[in-house]
2 protein chains.
Amino acid sequence: MIDPDSPVPLYRQVVNLIQEQIKSGELAPDRPVPSAARLVQEHGIARGTALKAIRMLVDEGFAYVVAGKGTYVKRKD
Amino acid sequence: MIDPDSPVPLYRQVVNLIQEQIKSGELAPDRPVPSAARLVQEHGIARGTALKAIRMLVDEGFAYVVAGKGTYVKRKD
DNA sequence: GGCGATTTGTGCGTATGTATC
DNA sequence: CGATACATACGCACAAATCGC
């Protein structure tokens with residue numbers, strides 16, 4: 001899934017992966033997106049990289065954050 | 001303020017700018033110096049360059065770092 | 001109300017690779 | 001070749017919010 005040797009940045013690979021899961025319905029609206037800690041242990045990446053990926057999802061309109069709880073899949077408008 | 005075309009290195013320009021603000025009192029002792037992230041968005045420079053400027057301020061005795069919090073204006077001895 | 005666990009946010013330090021001058 | 005600059009990535013630390021006990 002995640003290839004450290006790819007020219008594509010790790011955070012971008014993670015973002016793409018999650019976006020695919022959202023589009024396919026694997027991750028439904030208002031369901032939690034994998035937390036930074038989870039992405040770290042699942043993909044062996046740094047927390048900073050995981051946080052960056054999560055923020056990208058929010059910036060790109062795929063998810064929303066609830067302080068102290070987590071990040072969730074955004075509902076279609 | 002910051003001129004990319006100047007022969008003076010960007011990190012040096014940033015250092016000079018902040019030193020001026022410290023000397024003029026605009027940035028008081030024990031007050032936070034602009035963070036690397038802030039310098040990035042305000043001057044359109046890279047994080048590495050911003051970090052270098054901050055480190056220079058510390059090296060030159062104008063500021064001190066508090067781990068996990070930030071960089072602050074050094075008090076006069 | 002307190003305490004600990006979880007999660008996101010923020011901050012600096014450091015290293016590596018690439019590109020430009 | 002060396003200095004400068006940018007992008008990516010990892011590590012560690014502190015803060016605030018939420019929740020369960």
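Chain letters run A, B, ... following the sequence lines, proteins first, then strands; residues in each count from 1. For the numbers below, each heavy atom of this structure counts, side chains included, while hydrogens, waters and symmetry mates do not.
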Closest-nucleotide ordering on DNA chain D, the 5'-leading residue of Ile45(A) and Ala46(B) | Ala46(B)
What is the pairing partner of dT8(C), taking Watson-Crick or G-U wobble pairs with both distances under 3.5 Å in any strand?
-> dA15(D)
Heavy atoms under 4.0 Å, any strand shown: does Gly70(A) hit a base, just sugar-phosphate, or nothing?
-> sugar-phosphate
Using atom OH of Tyr11(B) as one end and atom P of dG13(C) as the other, report the distance to the nearest whole Å.
-> 16 Å
Between Asp5(B) (CG) and dC21(C) (C1'), how many Å, whole number?
-> 13 Å
Which nucleotide in the set dC12(C), dT8(D), dG11(D) lies at the smallest distance from any side-chain heavy atom of Leu51(B)?
-> dC12(C)
Look at all strands and tell whether Leu10(B) reaches a base, only sugar-phosphate, or nothing, counting heavy atoms closer than 4.0 Å.
-> sugar-phosphate
Can you tell me how far P of dG13(C) sits from CG of Leu57(B), to the nearest Å?
-> 11 Å
Closest to the side chain of Arg55(B), out of dT4(D), dC10(D), dT14(C), is dT14(C)
Rounded to whole Å, the NZ-P distance (Lys52(B) to dA3(D)) equals 9 Å
Can you tell me the distance, in whole Å, between the CZ atom of Arg12(B) and the P atom of dA5(D)?
-> 12 Å
Please assess Leu10(A) against Gln13(A) for the test side chain to side chain contact (heavy atoms under 4.5 Å, CB included), listing each intermediate value before the final yes or no.
-> CA-CA 5 Å; Leu10(A) 290 181; Gln13(A) 289 184 54; 4.0 Å; yes
What nucleotide among dT8(D), dT14(C), dG11(C) has an atom nearest to a side-chain atom of Arg47(B)?
-> dT14(C)
Figure out the CG/P separation between Leu39(A) and dT7(C), and round it to whole Å.
-> 11 Å
d(CE, Met56(A); C1', dG9(C)) in whole Å = 17 Å
Side chain of Ser35(A) (C-beta onward), nearest among dG13(C), dC10(D), dT8(C) = dT8(C)
Do we see a donor-acceptor contact under 3.5 Å between the side chains of Tyr11(A) and Asn16(A)?
-> no
Rounded to whole angstroms, how far apart are NZ on Lys69(B) and C1' on dA15(D)?
-> 9 Å
Starting at the 5' end of DNA chain D, which residue's closest nucleotide do you reach first, Pro9(B) or Ala67(A)?
-> Pro9(B)
Thr49(A) side chain: which of dA5(D), dC12(C), dC10(D) is closest?
-> dC10(D)
Would you check, one step at a time, whether the test side chain to side chain contact (heavy atoms under 4.5 Å, CB included) holds for Ile2(A) with Val14(A)?
-> CA-CA 7 Å; Ile2(A) 299 300; Val14(A) 174; 3.9 Å; yes
After noting the C-alpha distance and the side-chain angles of Arg12(B) and Met56(B), does the key distance pass the side chain to side chain contact (heavy atoms under 4.5 Å, CB included) rule?
-> CA-CA 8 Å; Arg12(B) 191 69 245 175; Met56(B) 294 299 277; 3.7 Å; yes
Begin from the C-alpha positions of His43(B) and Leu17(B) and carry the test side chain to side chain contact (heavy atoms under 4.5 Å, CB included) through to its verdict.
-> CA-CA 11 Å; His43(B) 301 116; Leu17(B) 185 64; 3.7 Å; yes
Report yes if at least one side-chain N or O of Thr71(A) is closer than 4.0 Å to OP1 or OP2 of dT7(C); otherwise report no.
-> no
